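Just so it is clear, the values below take in all heavy atoms, side chains as well, and ignore hydrogens, waters and symmetry mates. Along the sequence shown, residues are numbered consecutively beginning with 1. From a predicted model like this one, the values you see are computed outputs, not experimental measurements. Numbering of ligands and ligand atoms starts at 1, following listing order.
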Amino acid sequence: MAEATYYIDEDVGQDISTQTGADDLPYKTLGFAVLTHGDSHKFLSRKSLTGDIPEGSDASARLEWKPVAKAAMKKAVNYAKTQKKKAEKEQELLVLRMKEEADRKKVLDEAKKIVLEEDTGLPQAVKIKLDVTDPAKVKLGNGSDVKGTRVRVFGRVHRERRQKEVMFITLRDGYGFMQVIFTGPLAKTYDALTLTRETSIEILGELREVPAGAHAPNNRELHADYYKIHAGWKAAGGDDAITNRVSKDTEHATLLDLRHLTLRGETASKVMIVRDAVEYAFNTVYKELRMRKVSPPALVQTQVEGGATLFKFQYYTEEAYLTQSSQLYLETCLPSMGDVYCIEKSFRAEKSLTRRHLAEYSHVEAELDFITFDDLLDHLEEVMCRVLEVTMSDPTVKQYILDLNPEFKTPERPFKRMKYTDAIAWLVEHEIPNEDGEPHKFGDDIAEAAERRMTDIINRPIFLTHFPAEIKAFYMQRDTEDPRTTESVDCLMPGVGEIVGGSMRIYNYDELMAAFAREGIDPADYYWYTDQRKYGSSPHGGYGLGLERFLAWLCKQHTVRDCCLYPRYFGRCKP
Ligand code: 4AD
């Protein structure tokens, strides 16, 4: 090849294929010129035409084309060599990838030819959910002399793993998990080779014990003899695969945006299943205690827990609120129904973004008639402990709780009972300051952080009682021994803090009216509540337990947001 001359202008040259390297179309770097034309040419370069020209330097000299320095040439040759090697490697990889692609296509084309047929000679399959273990319904085979029950199961592919000619699938149906094994042609079909997580599938096969030393849910595995992925049952794969949308490393806000997918994960689904069991347990325990369930309204025109957290809305032509608590309505049921409870939604327009505040939460509330404050505390302790007992009596639920919270132990009875004044003294003694950074004093609201530190240090459930009237709701009965305080209780749990708030209620008409006046609330709207004090009043009391907070404690979740189906809080009302 004849020697040519190429020009490099470090200022206005360009390293693109439309440049020729001639003096009117120069390159920008020597490396690019050598890579494009080889090193056996003449290379001339110049520096800045447009940049700042240092004082005293000869501007015209900078316009002259000069031969490139030897060192620069060496560097450019090396650069060209590495670039060439890199390009060759990329080309090799591309060829390899194309070959793999072609091979895979061939395998898939072959796989498409495999059509599974159900063997009608096999015993009729019994349709079961994945958690059924009752030996009367399903027997486990051992792979040789003992035949297991042939079952038909439906579920979604939770995980899949391939080992040579065998495929292991973990199937999930919301009731449990099952290990499934595909062998022979079953592992070679087009569906098997392209199986994506979350695909819905119908599988038939024999249930067998897992071999010694191996592990699988319920110590069994399904040896499939037939399966079917019905039209439309396949889950998205590739970039859209569920594992690319939600994973352990995904940010919490994204997990909440994709809550519908997050719910399929093991942690979220276990929490939701425990939640179902806990709600069931509350219903069971309340029935044991002969309490009646009622369903108070959510749309109301009265406040219970202060105006600051009211969600207001236009109710036709009037102003109304979403209920903060069903307490006042429960109180009205006592004369006709006896002790009552409800599990309803409560709404709080909380502007704080804490890990234990929701805008919409499930509120377990109860109201008991003709009781003393001590009766109320005893009842509360009994309910909480019985609910735990009933919840833990389901072996699956118990296992889920222990998976989520391995150190969980049912709390010891009796719960620690501590008066507010003693808590203030305790906080002072332990140098835990109030919100102004000063030592706590009587009358201070014990803020979330201080409350949690105290609960975590004491590390057992606490009934914190006798709060000053000023920091509590208008309806609370005064303590006769210390009228500055009320017959009130917060139940505090390690890790979460307050999960229950309750009290005896003012049952004297005049005292209640005085409380309304003190709080500046117009009693007219509460005629239906104050009438209770006019028509056969009684010493009574009750409480509200935040279901999500109870679950956060039981399932050791960092935030109540992960303890409800689709959390609503300041800044989130979707999905
Ligand atoms: O202490 P609170 O505000 O008490 C009442 O509403 C009473 N009227 C209940 C009654 O006596 N029937 O709320 C009771 C419980 C709290 O202890 C807490 O567990 C929960 O409800 N709670 C919340 N949970 C989640 N997010 C919020 N914003 C909550 N506010 C209260």
Side-chain angles (χ1 to χ4, degrees), residues 275 278 282 286 291 294 296 298 300 302-311 321-334 339-368 371 373 376-377 379-380 383-384 445-446 448 451-452 455 461-465 467 471-477 486-493 495-506 526 529 540-554 557 559-564 567-572:
R275 183 183 164 118
V278 168
F282 271 109
Y286 283 135
M291 295 178 64
V294 293
V300 299
T302 44
Q303 54 154 295
V304 195
E305 299 299 329
T309 60
L310 277 178
F311 271 116
Y321 320 119
L322 298 180
T323 188
Q324 292 174 310
S325 156
S326 298
Q327 175 199 323
L328 307 191
Y329 291 93
L330 289 181
E331 287 185 54
T332 68
C333 300
L334 295 177
D339 300 339
V340 285
Y341 78 99
C342 68
I343 305 179
E344 298 284 342
K345 290 296 179 73
S346 282
F347 302 88
R348 306 280 170 103
E350 305 275 7
K351 288 231 173 74
S352 47
L353 281 169
T354 81
R355 59 187 167 108
R356 65 179 198 184
H357 284 97
L358 293 163
E360 176 185 0
Y361 71 95
S362 286
H363 208 170
V364 179
E365 292 182 276
E367 207 61 31
L368 307 166
I371 54 161
F373 184 48
L376 179 66
L377 299 183
H379 159 93
L380 192 48
V383 166
M384 290 173 70
D445 207 350
I446 302 175
E448 187 172 332
E451 178 191 279
R452 216 169 27 228
T455 321
I462 307 167
F463 279 155
L464 192 54
T465 64
F467 289 88
I471 60 168
K472 284 290 178 185
F474 70 88
Y475 52 75
M476 292 190 180
Q477 177 75 24
T486 52
E487 289 188 314
S488 52
V489 58
D490 278 1
C491 178
L492 313 179
M493 286 297 192
V496 183
E498 180 201 331
I499 64 167
V500 180
S503 77
M504 294 300 284
R505 322 302 190 190
I506 297 176
Y526 294 78
Y529 182 66
H540 66 282
Y543 56 88
L545 173 145
L547 187 63
E548 291 80 7
R549 291 196 188 174
F550 185 80
L551 284 163
W553 165 71
L554 178 62
Q557 295 299 294
T559 160
V560 289
R561 295 174 190 175
D562 290 337
C563 297
C564 49
R568 265 78 182 109
Y569 55 90
F570 185 49
R572 177 176 293 279

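Between Gly502 and ligand 1, not a single N/O pair is under 3.5 Å apart. For Val304, no nitrogen or oxygen atom sits less than 3.5 Å from a nitrogen or oxygen atom of ligand 1, counting backbone and side chain alike. Checking only distances, Gln324 never comes within under 3.5 Å of ligand 1, N or O to N or O. Residue contacts with ligand 1: Leu545 is placed with no nitrogen or oxygen under 3.5 Å of a nitrogen or oxygen of the ligand (distance criterion only). Below 3.5 Å of separation, one finds an N or O of Tyr543 facing an N or O of ligand 1.
The closest donor-acceptor contact from the side chain of Tyr526 to the backbone of Gln303 lies under 3.5 Å. Using a distance-only test at 3.5 Å, with no hydrogens or angles considered, no donor-acceptor pair links the side chain of Arg356 to the main chain of Val560. A donor-acceptor pair is defined here as one N or O able to donate and one able to accept, closer than 3.5 Å; no such pair exists between the side chain of Arg572 and the backbone of Pro567. A distance-only check finds a donor-acceptor pair linking the side chain of Glu548 to the backbone of Ser362 [under 3.5 Å].
Atoms NE2 and OG1, on His357 and Thr309 in that order, are 9.0 Å from each other to the nearest 0.5 Å.
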Evaluation steps, side chain to side chain contact (heavy atoms under 4.5 Å, CB included), between Tyr529 and Thr302: CA-CA 10 Å; Tyr529 182 66; Thr302 44; over 6 Å; no
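Of the candidates Glu498, Arg561, Glu305, Glu350, the one placing a heavy atom closest to atom 1 (O) of ligand 1 is Glu498. Considering Glu360, Glu365, Met476, Arg348 only, the shortest heavy-atom separation from atom 6 (O) of ligand 1 involves Arg348. If you check each of Tyr361, Phe570, Tyr475 against atom 13 (O) of ligand 1, the one with the closest non-hydrogen atom is Tyr361.
Comment: Glu367 engages Arg505 in a salt bridge, judged by a side-chain N to carboxylate O separation of less than 4.0 angstrom.
Among protein heavy atoms, the minimum distance from atom 15 (C) of ligand 1 is reached at Gly544 O, 3.5 Å. Protein heavy atom in closest approach to atom 19 (O) of ligand 1: Ile499 O, 2.8 Å. Regarding atom 18 (C) of ligand 1, its nearest protein heavy-atom neighbour is Arg549 NH1, 3.5 Å.
Defined by atom type and a distance below 3.5 Å, a donor-acceptor pair is present between the side-chain atoms of Tyr475 and Gln327.
In the vicinity of Leu358, heavy-atom distances shorter than 4.0 Å reach the ligand 1 atoms 25 (C), 26 (N), 27 (C), 28 (N).
For Arg356, the closest heavy-atom approach to ligand 1 falls below 4.0 Å. At least one heavy atom of Arg505 sits closer than 4.0 Å to an atom of ligand 1. The shortest separation from a heavy atom of Glu548 to ligand 1 is not under 4.0 Å, leaving the residue out of contact.
Partners of Pro461 under the side-chain contact (heavy atoms from CB on, under 4.5 Å) rule, at least two apart in sequence or in another chain, are Pro411, Phe415, Met493. By the side-chain contact (heavy atoms from CB on, under 4.5 Å) test, Phe570 pairs with Lys351, Leu353, sequence neighbours left out.
Contacts between Val500 and ligand 1, counted as non-hydrogen atom pairs separated by less than 4.0 Å, involve the backbone only.
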